[in-house]
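Step one of this worksheet: look at the structure below.
Naming: A, B, ... by sequence-line order, numbering from 1 per chain. As the structure is a prediction and not an experimental result, all values here were calculated from the model.
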Amino acid sequence: MKSILMPELPEVESFRKYFEATSLQDPVAWIEVKSPAILRNIAEHDLRRRLVRKRFTSVSRRGKYLYASIGKGKSALVLHFGMTGFLSHFRDLDREPGHDRMLITFGSGSYLAFDDQRKFGGVFFADDVQEFFRTKNLGPDALAITLDEFLNLLEHRRRQLKPLLMDQSFISGIGNIYSDEILYQAGIHPLTSSDAMDPGRRKDLYTVMRSVLETAVERDAEFDRYPEDWLLKHRSAGAKCPLDDCRVERISVSGRTSYFCPCRQERLLKKGEPAG
DNA sequence: CGTGGCTCCTGGCGGC
DNA sequence: TGCCGCCAGGAGCCAC
């Protein structure tokens, strides 16, 4: 797999395509869970009972979750990739990745491994996948939401923009890296309060969000294919901003390492709000 | 409702 | 060269 960032929407979309290209319609012969800690709502023997002799018929994504539907019903194997998760499909066990946490053997003799070095990812089973997302309180997918829905959701929030974009119950799919990128390209400081944006800014933010995510998805989330003037290629304190002569700054925003250009990203203030 | 802090886990890195 | 301690980060949880 090519150089890929932490799994956010574009990365998970590339995993989805990979799953689709490799693992549909091949009957599951066996499942071996190598790290039980990744199983979140089902035990290994139950997972086998649900999946062995079944086929994955389609694979979809919502936010950072990938789900592979089984047969014709509503049930699905649901995967979350945490920080370090990815998929690997192969025919020879010599090619099994180094942190395989769950190995699916298919009837054809090929394998699909869920590799996750840091075990922040998770494997779920959903009898009804839409119901599953409701119980997770998962917001609409960042690429599926319309402008009107986005504006409507913003109406009811007052929160620092970066943690808001990363809040999976607000919209799902955006994490640390892409939230920084979106705010950089939109020219808004990550600490700006969501209610300080005027209508034009709100629309801009939506447009930039779509543009960043769509571009990343088009390029299969391959870091090397991203534009050189994206901030994510310059994530270090003191790096030169690719679009002007300022230096990239590093701050902590709600406990997350955040990079921004102090010259391009304006901290919007509400009327009467004290600066800094 | 919002914010901040802690926890899980592991490898990489800085310091000595 | 080796070892120790710290840090990163998605998301759930808890306290305020």
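- Distance A:M166 CE to B:dT3 P: 13 Å, rounded to the nearest Å.
- For the residue pair A:D148/A:T146, the side-chain donor-acceptor check at 3.5 Å is not satisfied.
- Distance CG (A:L191) to C1' (B:dT3): 12 Å, rounded to an integer number of Å.
- Side chain of A:R159, nearest nucleotide from B:dT3, C:dG12, B:dG2: B:dT3.
- Two end axes, each from the C1' atoms of five base pairs, can be drawn for the helix from B:dG2-C:dC16 to B:dC16-C:dG2; they diverge by 50°, to 10 degrees.
- A:I38 has its CD1 atom 14 Å from the C1' atom of B:dC8, to the nearest Å.
- Atom CG of A:D116 is separated from atom C1' of B:dC8 by 12 Å (rounded to the nearest Å).
- Residue A:A37 comes nearest to A:R40 through the heavy atom pair O-NE, 3.7 Å, listed as atom of the first residue, atom of the second, then distance.
- Sequence order on DNA chain B of the closest nucleotides to A:P163 and A:A37 puts A:P163 first from the 5' end.
- In this model, a side-chain donor or acceptor of A:R256 finds a partner on the base of C:dG10 within 3.5 Å.
- With no hydrogens or angles considered, a side-chain donor-acceptor pair links A:Y178 and A:E11 at under 3.5 Å.
- The existence of a salt bridge linking A:R219 and A:D224 is excluded, since no basic side-chain nitrogen approaches an acidic carboxylate oxygen closer than 4.0 Å.
- Contact between the side-chain N/O atoms of A:H80 and the OP1/OP2 oxygens of C:dA11 is found at a separation under 4.0 Å.
- The interatomic distance linking A:N137 (CG) with C:dC13 (P) rounds to 12 Å, in whole Å.
- Classified by interplanar angle (parallel below 30°, tilted 30° to 60°, perpendicular above 60°), the ring pair A:F150/A:F170 is tilted.
- In this structure, CG of A:L165 is placed 17 Å from P of C:dG9, rounded to the nearest angstrom.
- A donor-acceptor pair under 3.5 Å is absent between the side-chain atoms of A:Q25 and the main chain of A:S23, judged by distance alone.
- Tested against A:I188 for a side chain to side chain contact (heavy atoms under 4.5 Å, CB included), the candidates A:K162, A:R267, A:Q265, A:M197 yield a single pass: A:M197.
- Sequence neighbours left out, not one pair with a member in residues 67-81 of chain A passes side-chain hydrogen bond (donor to acceptor under 3.5 Å, both in side chains).
- Using a 4.0 Å heavy-atom distance criterion, A:R235 is classed as making no nucleic acid contact.
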Inset, instruction - Starting from the C-alpha separation in whole Å, work towards a yes-or-no answer on salt bridge (charged side-chain N to carboxylate O under 4.0 Å, His left out) for A:D46 and A:R49. - result: CA-CA 5 Å; A:D46 283 324; A:R49 214 149 44 81; 2.5 Å; yes

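- A residue-by-residue look at A:S258 and A:K136 shows that A:S258 has its nearest nucleotide of DNA chain C further toward the 5' end.
- The nearest whole Å value for the distance from the CZ atom in A:F86 to the P atom in C:dG10 is 18 Å.
- Near DNA chain B, meaning a heavy atom under 4.0 Å away, the residues from residues 118-133 of chain A are A:R118, A:K119, A:F120.
- Which of B:dG4, B:dG2, C:dG9 sits closest to the side chain of A:Q160 comes down to B:dG4.
- Remark: A:Q168 is not in phosphate contact with C:dG10, judged by side-chain N or O atoms under 4.0 Å from OP1 or OP2.
- For A:T257, whose side chain is taken as the heavy atoms from C-beta onward, the closest listed nucleotide among C:dG9, C:dG10, B:dG11 is C:dG9.
- Under a hydrophobic-cluster definition in which Ile, Leu, Val, Met, Phe, Trp and Tyr are linked whenever side-chain heavy atoms come within less than 4.5 Å, directly or via other members, A:F106 and A:F15 are assigned to the same cluster.
- Whole-Å rounding puts the A:I171 CD1 to C:dA11 P distance at 13 Å.
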